[in-house]
Every structure is written in C-alpha cells, then in structure tokens.
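All chains are named by letter (A, B, ...) in the order of the sequence lines, taking the proteins before the strands, and each is independently numbered beginning at 1. Everything numeric here is computed off the predicted structure, so don't read it as measured data.
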Amino acid sequence: MESKETAINPDFLQPYSPKDNEDALYKKWEESGYFNPDVCVEKGVTAKDAESFSIVLPPPNVTGTLHMGHAAMLAVEDALVRYHRMNGKKTLWIPGTDSAAIATQSKVEGDIYKKDKLTRHDLGREELLKRVADFAEQSKDTIIGQTKAMGSSLDWSRYAYTLDDKRYRAVMEAFVRMYEAGLIYRGERIVNWDPKGQTTISDDEIVYEERKEKFYYLKYGPFTIGTSRPETKFGDKYVVMHPDDARYKDFSHGQQIELEWINGPITATVIKDEAIDMEFGTGVMTITPWHDVTDFEIAGRHNLDKEQVIDERGILLPIAGEFAGQHISKAREAIIEKLRSKGLLEKEEDYTHNVSTAERTGAVIEPQIKAQWFIAVNKAVAFPDGRVMTLKERMRETVEKGEVKIAPDRFNKTYYHWIDNLRDWNISRQIWFGHRVPAWFKEGEVKVQTDSPGEGWEQDPDTLDTWFSSGLWTFSTLGWPEETDDLRTYHPTSVLETGYDILFFWVARMILMSTFLLGEVPFKQVYLHGLVRDGQGRKMSKSLGNIINPLDMIAKYGTDATRLSLLIGAAPGNDVPLSEDKIRGYKNFANKLWNISRFILSNTTDSKDSATVEYSARDQEILAEMKKVTTEVSGDIEGFRLYLAGEKAYHYVWDELAANILEESKPILNGEDVKTKLARQMVLRECLTGSLKILHPFMPFVTEAIWQRLPEEMKDAEMLMIAKWPSK
RNA sequence: GGGCGAUUAGCUCAGUUGGUAGAGCAGCGCUUUUACACAGCGAAGGUCGGGGGUUCAAAUCCCUCAUCGCCCACCA
C-alpha cells in the first residue's frame, strides 16, 4: 500500500482545495488558446469542417458586479459550451459588456453631484461623456475578472463592448438602413416622459404601481366629470361621451356650451366617441390630449386642439393661470381647494388604480407630445428574402414556424401576446451616454446618414434606446455589417440563454433586428432561466439581508460547488432556490470525486499492460452502465435539461461508482487473480475518465485538476477541456 | 380585466411518453473497519391542495373549486 500511495500524485493525500487549483487552471486554459475555436482548428483539436456551436453572452453592465443571476447564467452557458466543444464542434462563446446607457449615466451623474455638486449641464456634454467613459473603462475589469472566476470558457480575443468602434458602426448602419427602408421615422407623437430622468422611455420600460388616490367628481357645466388628475384639467375644453349613452342623448356632437371652469368662463365643445366607457364614473370626461394617450387618440380622431399644460419638469405652464409655475405634486391640493370654494367640487372618493412609473428612476410618467424617432412595427416593408410584411408579422412567424424555439415553450404565448399588443417603438432618448442618432439637421432639412453631411449640419442630440444596440448583439459581435467569416460560420447563433424577465426587451428585439437586417433569425434556441432566490424562495435583496454573493461562495466552497448548486434543480423558466447548505453539499461532492480518483489511481498503478484484458460479465455490465449514463446525460444536455443532466452525473458518481462499484472492487483488487484484477483495474480507469468527462461541463475545475494528475496513458488529450466526449 | 405558473416528506424541489412516490438539506440512531468523517450504515417521515371524471391503473390526462405567485392591459 505504501508504495502505491507514493506512486500517485502526492496532492491526492490532501483534501481537494479549490483555492489552490482554480486560478492556475483558468490561466492554463486561457493560455492554451482553446477558448478560441480558431486555435482549436489550428491545433487539430477541432475538424476544419466541423459543425459550429455558438452563444453570445448576454453582456453584463460594464459598471456592475457579479451577482448570483450572472453566476447562474455563466454556469448554464459554460456547461453547454464545454459539452459541445468536447463533442468536436467549432465552439464559440463571445464575451462582452453593455454600456447600459441610462443606468451608467445616472450613476456617474449621481457621483459627480455628490462630490462636486455639479450637474451634467454644468459639465457639458463632452466632459460628462468623458467622465462616464472613464468610469466604464475603470470598472469593466471588475466584471471581467469575476466572470473568469466562474470558469467561463469565453473567447476573450473576440471581446466586444456595445460602445466600441465596431459596435458603434453597426448601430449607425442599422439605423440608416432601417430609415431608408421606411421602418424608422421621426414623428410628433405622445410619448412616455420620465420627468426625473428627463428623457422619453419605451412602453416596456414602464412599471405599473398600484396607488391609492382620490377620485374627484367635478361640475363641468351641465355635466359631472370624474378625474384623478385635476391638475391637468386647465386646458380641457372638450367634453366627451359615448354616442349611445341615453343619459346624454340631448347633447349633440359639436355642440358648444358656455360654462364656468377653474379659472373662469370657457366654451366647451361636446364630442361623441366610442372610446368612452359608459359604466365608468359618470360616463362623461373631459380630455387632455397633451398628457394622456387615450385623450390624444380621441383628439386625433376628431381633429381637436392640443395644448401643453405641464412642462418637462412637472411644472404648470401659463395656461394654469394663477397656478402657473407650481409643481404638479404641490398644486393639486390648491386646485381642489379652489374648485371647492367655487362650488365645482361635487364629491371625492377613495380610488385605487395603476400609475405608470419609470422602471429606472421610479418617477411617475407624464405623457407628453414630442418629436421622437420610432420604429414602425405595423408597416409592411420588403425583407431580405423579398417578402413584404410587417415587423410584427415576421416576429410572430419566427416562433410560430419554429425557426426560433423557446424553452420552456409556455413562453411562446407570452411572446405572442406581447407582439400583438406592440405599438411603434420609441427609440430616441434625451440622455447623452449612448449611440447618438445619426440624423443631421440644417434649416429644417433632415439627413439620415452615418457621418456628418458637412458644414452647418447639426447632429440630433438624442441617443438611442440601449435595447436598439442590444438588438444587434448576435451579429454586431461577429463583425456585421462587414461580411466576415465569423458571421458566416457562427450566425445564427445556436442558443440564447437569458432571463425570462428580458424576453421582450431583448429576445424579441434581437429577432426583430436580425430578421430584417440579415434575413435570418439571431438564434435557433432560446433558453430562459429563472431568478435566483434564497433558500426559502424569496427574492434576494439588501433589505432582507439574504443576498448570497457568488464570489464569497467561490472563496468558501469553490467554483465547482457554486456552479453545481446553480445548475441542479434549475429547470428552464423556473426560479432557482439557493442556500448556502446546498452549495456546501456540492463542495463535499467535489472532494468525493477527488477521493474516488485517489482510490482508483492508487489501486491501478500496476495495470499498464492492457493488451490481453478479458472482461467478466460484471465488468461489461459496469462499462455498459457508464455508457448508459453518458447517453442520458448527453441527451439531457442537448434537450436543455441541464438540471437533470447534472443530477444524473452526480448520482452516478456518488451512489453507483463510489458506493457500489468501488466497494465491490476492493476484494478483487486485493485478490490473487491477476487477470480478473487487471480487467477490473481497466474498468475502473474507464469509469474514472468517463466520469470526469461527463462532469466536466458542470464542474470544470476539479475534473481538470484530477485530469492533470492522471498518468499519460489514461488521457486522450492534454487537457480535459478539449478531451473527447465519451461515446454515447 | 386578460393570460401564465405553482400547490408532492420539516425546508427547497425532482418525478421525461399514466403502472401502487424520489433527491438534496435539516433532524434522529449507530460507526472512527485507510479512498473519502468534506465519510459510511440504518431508521423515521407524504390520504402527491379540495372535489368530481376518464382508465384495469392517475402525482401524472380532463373538469371544477381554493390558496399563493408572476406577466400583460391607454378605464378618465
């Protein structure tokens, strides 16, 4: 026994230490160049004509730090990538970071204000952009370093940043092409104005919040109107009711009525419109087309005047008379007081309704009419394949026809529902950090082109919605608009793995961009993961104090344990409960594997000659079993059931290989029958390498650490990372 | 108001095409016999949310109710 122990690597005499292995292994992988498929082909690891497998990493915010959600995403994607790489595919996983326009700019603005008490207007556009860019550059290494700590086998030579030159160019090109196709237009429309962020936002960036407010009944000439927003009512000179409402049949469309209103007598005009709900309130309302979407549409149908009442900062304009200059949040009380004193307030009720707020800033949205850039989703245009259809139709079709498959498929319905309700997408933002709209103005003329038309042309100061550039991500990272080899080889990408919470923001927008600009889908498969929650299924949050930091877990239990805990039990589309106990359990497993290896190696040091092996029936059974597990694990990975694949491999190794096979092998290994012993030694070695391989996608470090310590004759590759997946 | 999902052992969840329930963690008892105490062995624990139906057979399919959660929606 003594001699056998010394024959194997002495590291095995100590428990497995993730800390002492992980960084060195990652460095070794990175330096080998095998994260880059070109190197794999060059060195003969991958066949020149091999099928490709590609994933783009959903780019984390440059200024962010790694949280469990990222860790889960990296674990899933890396497992897929490692599996396909070992299966001989030309495998590419592209890293990148996102400038995250609004989020980043407001973070920097906040910091500057805290430190120097300066606003962005004090600094000016150029200076602010410089500071934001510096900040982004500084903090980008943090997230990259953390991504590496997870063991991610990303091809760093292809690293992309949403605001780097190539991506910037792609964005400009996309805008111009869509404009020329008539898909992008500039229009005066009612948009969602965020008074705090001082920018418009898209419909998808709105979050509804339930609020308890007062609902007021006001006397408006012969009518009683209901409103929850008296501060918008100054300009109201149209009173609207349903044409079929019997209560108001004596009033006719277009009829003019003199009445006393907040700031004195006005002339109101009766409008009949079917948008009115006869059941709600009194069935009569006045309209404020400048600050309400429904009202805007009614005004549009009847060609009515529109007047702005509230400015961009939420301050009442001169139309409000004595209330002008007041902020709407303060003015409401005073207005109600005046209405009451004039006898115009009939009653007030408690009222619960949904208020639209901006996702980023939390501010209550104030609809405003503004000239903005939009993408027309209902306009039929010619696609690259020659067909003429709308973006909506094309987007729906990709999923309906299975060009893009979504796992879990129940999200198909969610996707359709979103598309059916989709309205033109407002893509211009009034912030500075981001891709600037490639439109140029001069004396009322507009030119849309990537570079300035020359002297005297002023570029539109607006920037683009961050999701516009994100929508190009699968192909802007591959070199588009140039026709690169990468684009030909790796697009459409194989899988897009991301959280279900950005199905609309991102997944749908990528489908939109790719089908129109390239004439193909951006990816064949969507894999939606859930949110990582705590052990009790609660959301992780600072206030609950239940945040589990992936880097802490990596330091404490190792990356492999952290990865496994995020993979097992994580079915697509379902939230993942995570507790420290769970991670600890998988740390023990890594050590178990280490000890299994130690046992097998120390008991097979004298088994070099394999030429004349005769397997017993049981030996063959064991080998068949190994093969069966491999088949199942492979099937589960390919079917995106990683939670099952990981569990099965785990189960096999612990409960079958360790508990049964090793135990029953002890008498044979210690016995006198040399032939039987040799056969079993070969079988055990086979089980070990097979187990390391099927576990590698899930726990790359410990499996590679063991692989590096195997005798040469057991290995078919210098690194497990590029070893051949066992036959299925 | 519409849609989706969940309800299985103390906790968190598996259970792929229907065949008399499984895992991890926690907990209980025993074991330091060298691969591993970051371990092993053993016992305990569930009328699979309620009700109805289809079937020889249902946690698994259908209907219905209940509770919880999520998403979507321009009722002033």
Checklist entry - Are the side chain of A/Asp295 and the backbone of A/Thr288 linked by a donor-acceptor contact shorter than 3.5 Å? => result yes

Next on the checklist: Using modelled atom types and a 3.5 Å cut-off, is there a donor and acceptor pairing between side-chain atoms of A/Lys582 and backbone atoms of A/Ser565?
Outcome noted: yes

Checklist entry - So, do A/Phe698 and A/Tyr650 have ring centers that fall under 6.0 Å from each other? => result no

From C-beta outward on [X], which listed nucleotide comes closest to its side chain: [options]?
{"X": "A/Phe504", "options": "B/rC71, B/rA35, B/rA76", "value": "B/rC71"}
{"X": "A/Glu647", "options": "B/rA76, B/rG3, B/rA23", "value": "B/rA23"}
{"X": "A/Tyr643", "options": "B/rG3, B/rA14, B/rA35", "value": "B/rA14"}

Item to check | Rounded interatomic separation in angstrom, taking NZ from A/Lys587 and C1' from B/rA39 | outcome: 13 Å

Checklist entry - For the pair made of CG in A/Asp295 and P in B/rC75, what is the distance, rounded to whole Å? => result 12 Å

Next on the checklist: If I pick the P atom on B/rC62 and the same atom on B/rA76, what distance separates them, to the nearest angstrom?
Outcome noted: 37 Å

Item to check | Check: B/rC36 base within 3.5 Å donor-acceptor of A/Lys592 side chain | outcome: yes

Checklist entry - How would you label the contact of A/Glu663 with the nucleic acid (heavy atoms, under 4.0 Å): base, sugar-phosphate, or nothing? => result base

Checklist entry - Between A/Asp203 and A/Asn421, is any pair of side-chain heavy atoms under 4.5 Å apart? => result no

